Number of protein chains: 2
Amino acid sequence: MRSAGGPEGRAGATPPSGDGVPADADRTARARIRDAAVYRFAVEGFGASVRAIAADAGVSAGLVMHHFGSKEKLRAECDAHLLATIRRLKRENVADAAAGQSFFHKFAAAEENAPVVGYVLRSMQDGGALAREFIDHMVTDAVDYTRDGVAAGVLVPSRDEAARARYLTLSSLGALLLEVTLSPPSDPSDLVAVVRDYLSNSYLPMMELFSEGFLTSRRMLDDYLLYVSDPPPDEAVPAPAPG
Amino acid sequence: MRSAGGPEGRAGATPPSGDGVPADADRTARARIRDAAVYRFAVEGFGASVRAIAADAGVSAGLVMHHFGSKEKLRAECDAHLLATIRRLKRENVADAAAGQSFFHKFAAAEENAPVVGYVLRSMQDGGALAREFIDHMVTDAVDYTRDGVAAGVLVPSRDEAARARYLTLSSLGALLLEVTLSPPSDPSDLVAVVRDYLSNSYLPMMELFSEGFLTSRRMLDDYLLYVSDPPPDEAVPAPAPG
DNA sequence: CCGCCGGCTGAACGCATGTTCAGTATGCTA
DNA sequence: TAGCATACTGAACATGCGTTCAGCCGGCGG
């Protein structure tokens with residue numbers, strides 16, 4: 001399919017593609033490959049074959065190697081591109097982001113960036129560098145948001161703000177990751193639907209927990225605080241789990 | 001290594017292995033293969049090769065096929081075995097399990113069942129049937145525990161106990177999964193150390209959240225409750241995220 | 001006009017995988 | 001002792017993978 005230098009050849013490839021966002025056919029093969037890779041990686045995970053990606057982009061497998069050198073480097077470029085996209089989306093939405101979760105909710109529930117969400121989730125499954133970076137960003141943001149919230153008096157202060165921010169972020173993202181992994185959408189375009197369902201199902205318990213707590217007494221917390229302020233002599237590390 | 005019918009041959013294989021828990025060499029090859037598979041799967045994930053498993057068990061790859069038919073069936077048997085193990089451990093510890101988390105904390109922090117924990121985490125990463133079953137069990141248990149806790153007056157009641165149990169379970173397990181995926185132990189035997197570190201780091205924020213909540217006012221919760229009791233006419237599904 | 005260079009293909013290579021198979025050794029049964 | 005089922009091996013097969021390579025084609029500088 002698509003013999004080298006056919007009727008249209010790589011029309012419009014060498015000259016700058018011109019205006020705005022070009023249609024799929026009218027773009028650099030390189031860019032098409034990258035986008036196809038993002039999509040395939042999001043849908044199938046990073047085990048997706050170079051040949052499948054190449055087929056999606058309408059080129060040969062050899063060309064992928066020609067442009068990117070190796071599958072690993074291709075993935076690295078996808079990671080970089082995704083990180084840039086996320087940063088842009090974040091910047092665009094920072095205005096109406098009130099709480100830490102908020103950005104992610106809006107972001108993940110938006111139809112148009114299903115591939116981005118899928119890719120990030122895959123990266124989390126994989127433990128890649130992107131996931132680490134993404135989560136660090138989320139944690140940093142959460143620290144900022146909670147600081148503001150505490151200052152404004154709408155959030156309860158914590159004895160260890162950093163630990164709380166990390167805990168809340170890991171819980172939110174981890175739960176979502178687990179949910180999506182457990183019941184993956186049959187059609188990848190349903191990803192956002194699954195995400196939205198999960199978010200709407202967890203909203204009530206989350207709000208209850210955030211507003212009313214879970215334990216009726218402070219005893220376990222106080223016990224723990226007492227415990228860490230005066231630990232038993234034979235143990236350096238605070239504690240695994242008193243309860 | 002270990003040619004067919006060497007000096008010791010399959011000594012003690014056909015006759016019942018006799019008493020108690022036999023040493024590694026003195027056991028059915030079939031059992032050795034299964035255990036090696038559990039270990040490899042836990043350490044490397046389900047991409048671990050049949051040859052590697054066979055080598056660990058000290059047999060040829062062909063024998064694995066002879067006993068299990070296919071890699072898939074081998075994994076199915078590992079799943080079944082793990083599920084049985086988990087149920088046993090649960091039964092043994094049900095006595096001193098007070099809260100929903102408690103069992104899992106003790107279970108995951110115990111040195112001896114690192115392979116079990118690793119295998120379950122891998123299964124969650126993979127989205128396999130075992131993970132679904134395991135989590136369903138955890139959720140069911142959480143429902144029971146919270147019912148008891150609410151009845152005893154130590155836990156705040158929820159407007160949707162099932163949803164809360166699921167939310168709490170997915171959050172706990174998801175966060176742990178994410179943490180381990182993000183910074184996997186270099187030596188697989190360090191798994192429980194990583195788990196223990198994570199648990200001790202999240203204990204304070206968790207206790208704070210459970211005891212003191214996160215939001216200082218009930219407004220968001222009340223808004224949501226008002227919203228679901230009288231939803232806007234153009235929308236069937238409750239809500240994605242008001243805030 | 002020529003030659004070159006870069007985008008691009010299709011076939012091939014090397015490797016790892018799951019699986020098959022013919023064949024060997026061993027213990028049980030008759 | 002003969003025969004048979006079973007445990008087991010080592011080589012081989014088929015497949016899919018990432019990657020390499022010789023070569024085609026077309027635009028562009030001389």
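Just so it is clear, the model here is predicted, and its values are computed rather than measured.
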Consider the side chain of [X], meaning its heavy atoms from C-beta on, and name the nucleotide among [options] that approaches it most closely.
| X | options | answer |
| --- | --- | --- |
| B/Ser49 | D/dC17, C/dT17, D/dA7 | C/dT17 |
| A/Val59 | D/dT9, C/dC8, C/dT9 | C/dT9 |
| B/Leu63 | C/dT9, D/dA7, C/dT20 | D/dA7 |

Is there a side-chain contact between A/Tyr198 and A/Leu176, using heavy atoms and a 4.5 Å cut-off?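 Yes, their side chains come closer than 4.5 Å.
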Roughly, in whole Å, what's the span from [atom1] in [X] to [atom2] in [N]?
| X | N | atom1 | atom2 | answer |
| --- | --- | --- | --- | --- |
| B/Glu72 | C/dT17 | CD | P | 18 Å |
| A/His67 | C/dC8 | NE2 | C1' | 8 Å |
| B/Arg27 | D/dA7 | CZ | C1' | 17 Å |
| A/Arg40 | D/dG18 | CZ | P | 12 Å |
| B/Met65 | C/dT17 | CE | P | 14 Å |
| B/Ile33 | D/dT9 | CD1 | C1' | 12 Å |
| A/Phe68 | D/dT20 | CZ | C1' | 18 Å |
| A/Lys73 | D/dT19 | NZ | C1' | 12 Å |

Could you pick out which residue, A/Ala48 or B/Arg30, lies toward the 5' side of DNA chain D when each is mapped onto its nearest nucleotide?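 Result: B/Arg30.
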Considering every strand and a 4.0 Å limit on heavy-atom distances, what is the contact class for B/Ala52: base, sugar-phosphate, or nothing?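 No contact at all - B/Ala52 keeps every heavy atom at 4.0 Å or more from the nucleic acid.
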What is the nucleic acid contact for A/Ser60, judged by heavy atoms within less than 4.0 Å: base, sugar-phosphate only, or nothing?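 The residue A/Ser60 makes base contact.
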Assess the side chains of A/His67 and A/Arg34: does a donor N or O sit below 3.5 Å from an acceptor N or O?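 No, no side-chain donor-acceptor pair sits under 3.5 Å.
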How long is the straight-line distance from CD of A/Glu133 back to CD1 of A/Ile86, given to the nearest 0.5 Å?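 Rounded to the nearest 0.5 Å, the CD1-CD separation comes to 9.5 Å.
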Quick check on C/dT19: is either OP1 or OP2 less than 4.0 Å from any side-chain nitrogen or oxygen of B/His66?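 Result: no.
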Considering heavy-atom distances to DNA chain C, does A/Arg51 or A/Ala61 have its closest nucleotide positioned more toward the 5' end?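 The residue closer to the strand's 5' end, by nearest nucleotide, is A/Ala61.
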Before accepting this row, confirm whether a basic side-chain N of the pair B/Arg75/B/Glu72 lies closer than 4.0 Å to the acidic partner's carboxylate O.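 No salt bridge links B/Arg75 with B/Glu72.
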Tell me which donor-acceptor pairs under 3.5 Å the side chains of residues 37-51 of chain A have, and how far apart each pair is, sequence neighbours excluded?
{"residue": "A/Arg40", "atom": "NE", "partner": "A/Asp56", "partner atom": "OD2", "Å": "2.7"}
{"residue": "A/Arg40", "atom": "NH1", "partner": "A/Glu44", "partner atom": "OE2", "Å": "2.2"}
{"residue": "A/Arg40", "atom": "NH2", "partner": "A/Asp56", "partner atom": "OD1", "Å": "3.2"}
{"residue": "A/Ser49", "atom": "OG", "partner": "A/Ala52", "partner atom": "N", "Å": "3.1"}

